[in-house]
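Structure record follows, encoded as structure tokens.
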Amino acid sequence: MTRGLLADGTLTVRDLPVRLCTRCGHMTGAGTAGDCRSCGHGSSRVARRSLLVFDRTAHGPVLGRDDVHAAGARAPSHLFTIAHHVPRLLVLSRTRSHGVDLAPFGLEGMVLDPRAGLHVAVLAAAGEFGAGRPVMTVTENAAADVAAYGAPFRRHGPMRLRYLLHGKIPYETAASDRLYEVHRAQAVKDLFTDWYLPLCAARERAGISAVRIPALLKLLRRAHLARPTTPPGDLLTDLRHRVAAGDMRWMTDVRALGCALSDREDTSGPTGPTRGAP
């Protein structure tokens, strides 16, 4: 992806001034305050280095409504504003010990910025599953931090990556053994914490309150007990369309949820584990 983006001019390698730690050579940023994040040393020097950069002037908005996977949800306008105000020139190479190696492009000792590398990793995983429309779950704060750096890396061949924004999940409450004893729901504990809650959080981007956990657990248990052996074809087709559109209202519909659970247990289905369900 990096080679292709360099070839079409989306990314370039430029010689720019940077600050380097005088002890280990780690890039410490454009400012002078703070110790080196690599070794803790407090002294740095100004130097020039070749860096991988993304000039977003010709790219247009780095985050828009079409980049968010959601139907009928309020557009996250504040995120679009934050993304719009990032620096015009973004440095995408970093001196870190782990990451996508940039040595093949003459940037020895540097890797792709992890905010961009995250998108590469998601697209690589999507490619393994043969997914053409991958969606990455992410909190709004994280999206504000990574969107601009990932803008050049959201498309690769036929794949286009979008974000599914979600709120915080009170996992401390959800992990309580007493909760599952009271509601006789031990059989769905892992399903609840690993699958259902993350999907509910995508529907409730403001976050899930701890007091709502018991009600959501009871809803999942009801749907799990009532799930059909073979989901009705029309209901399953409608569910697939809603999932593809980002309409998360089915999460609180017992019939639709039971259909999803039944289809999920069939690993050949579109929401089965082998297809990389959320």
Side-chain angles (χ1 to χ4, degrees), residues 65 67-76 78-79 122 125 131 133-144 146 161-228 231 235-267 269-273 275-278:
R65 185 66 182 84
D67 296 312
V68 179
H69 183 68
R74 174 184 56 83
H78 61 295
L79 292 185
V122 173
R133 295 181 295 177
V135 177
M136 176 169 68
T137 58
V138 62
T139 64
E140 292 193 3
N141 286 343
V146 306
L161 176 63
R162 291 191 292 170
Y163 303 114
L164 178 63
L165 302 176
H166 69 84
K168 292 184 178 180
I169 302 171
Y171 278 115
E172 298 82 3
T173 301
S176 169
D177 290 333
R178 178 63 178 162
L179 174 71
Y180 300 94
E181 292 174 6
V182 169
H183 297 287
R184 295 178 293 175
Q186 290 89 344
V188 296
K189 180 177 180 179
D190 291 341
L191 186 68
F192 184 64
T193 58
D194 298 347
W195 183 75
Y196 189 58
L197 272 184
L199 289 176
C200 287
R203 184 175 184 268
E204 302 181 33
R205 291 181 352 212
I208 298 175
S209 169
V211 299
R212 291 205 59 224
I213 293 295
L216 291 173
L217 176 60
K218 285 192 284 187
L219 179 65
L220 176 65
R221 182 173 179 271
R222 280 178 54 205
H224 189 261
L225 290 173
R227 68 194 187 284
L235 184 59
L236 186 57
T237 298
D238 177 65
L239 176 60
R240 289 172 177 169
H241 285 308
R242 293 168 73 177
V243 170
D247 181 353
M248 304 303 294
R249 289 173 293 182
W250 63 273
M251 295 304 306
T252 52
D253 180 330
V254 173
R255 268 193 90 211
L257 181 55
C259 179
L261 290 169
S262 178
D263 186 62
R264 186 177 185 274
E265 291 176 354
D266 175 6
T267 57
T271 54
R275 296 295 297 273

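Nothing fancy with the numbering, it's 1 onward along the sequence. Note: hydrogens, waters and symmetry copies are ignored here, and every other heavy atom, side chains too, is used.
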Lys168, NZ atom: more than 12 neighbouring heavy atoms under 6.0 Å: no
Within 6.0 Å of CZ in Arg255, more than 12 heavy atoms from elsewhere: no
Over all atoms of both residues, closest heavy-atom pair of Val68 and Pro76: CG2-CG, 4.1 Å
Shortest non-hydrogen contact from Ala223 toward Val254: CB-O, 3.9 Å
Student check: side-chain heavy atoms of Val138 and Leu165 closer than 4.5 Å: yes
N/O donor-acceptor pair under 3.5 Å between Arg240 side chain and Thr237 backbone: no
Under 3.5 Å donor-acceptor, Arg133 side chain and Ala244 backbone: no
Neighbour count >12 (heavy atoms, 6.0 Å) for atom NE2, His241: no
Heavy-atom closest contact (Gly258 atom, Pro228 atom, distance): O-CD, 3.6 Å
Donor-acceptor pair, side chain of Tyr180 and main chain of Leu217, under 3.5 angstrom: no
His69 (side chain) donor-acceptor with Val243 (main chain) under 3.5 angstrom: yes
Asp177 and Lys189: CA distance, side-chain angles, deciding distance, side chain to side chain contact (heavy atoms under 4.5 Å, CB included) verdict: CA-CA 9 Å; Asp177 290 333; Lys189 180 177 180 179; 2.6 Å; yes
Closest approach of Ala174 to Thr193 (non-hydrogen atoms, all atoms of both residues): O-CG2, 3.8 Å
Separation between CG of Asp194 and CG of Leu199, rounded to the nearest 0.5 Å: 11.0 Å
Value rounded to 0.5 Å, distance of CZ in Arg221 from CZ in Phe192: 13.0 Å
Which atom of Cys259 lies closest to which atom of Leu239, heavy atoms considered: SG-CD2, 4.2 Å
Min side-chain heavy-atom separation Thr173-Val211 under 4.5 Å: no
Approximate separation, where rounding is to 0.5 Å, of Trp250 CH2 and Leu257 CG: 6.5 Å
Test item: Ser176 side-chain N/O and Glu172 main-chain N/O as donor-acceptor pair under 3.5 Å: no
Distance, nearest 0.5 Å, that separates CE of Met251 from CZ of Arg242: 11.0 Å
Donor-acceptor pair, side chain of Tyr163 and main chain of Thr139, under 3.5 angstrom: no
Distance, nearest 0.5 Å, that separates CG of Leu220 from OG1 of Thr252: 12.5 Å
His166 side, atom NE2; Glu204 side, atom CD - distance, nearest 0.5 Å: 13.0 Å
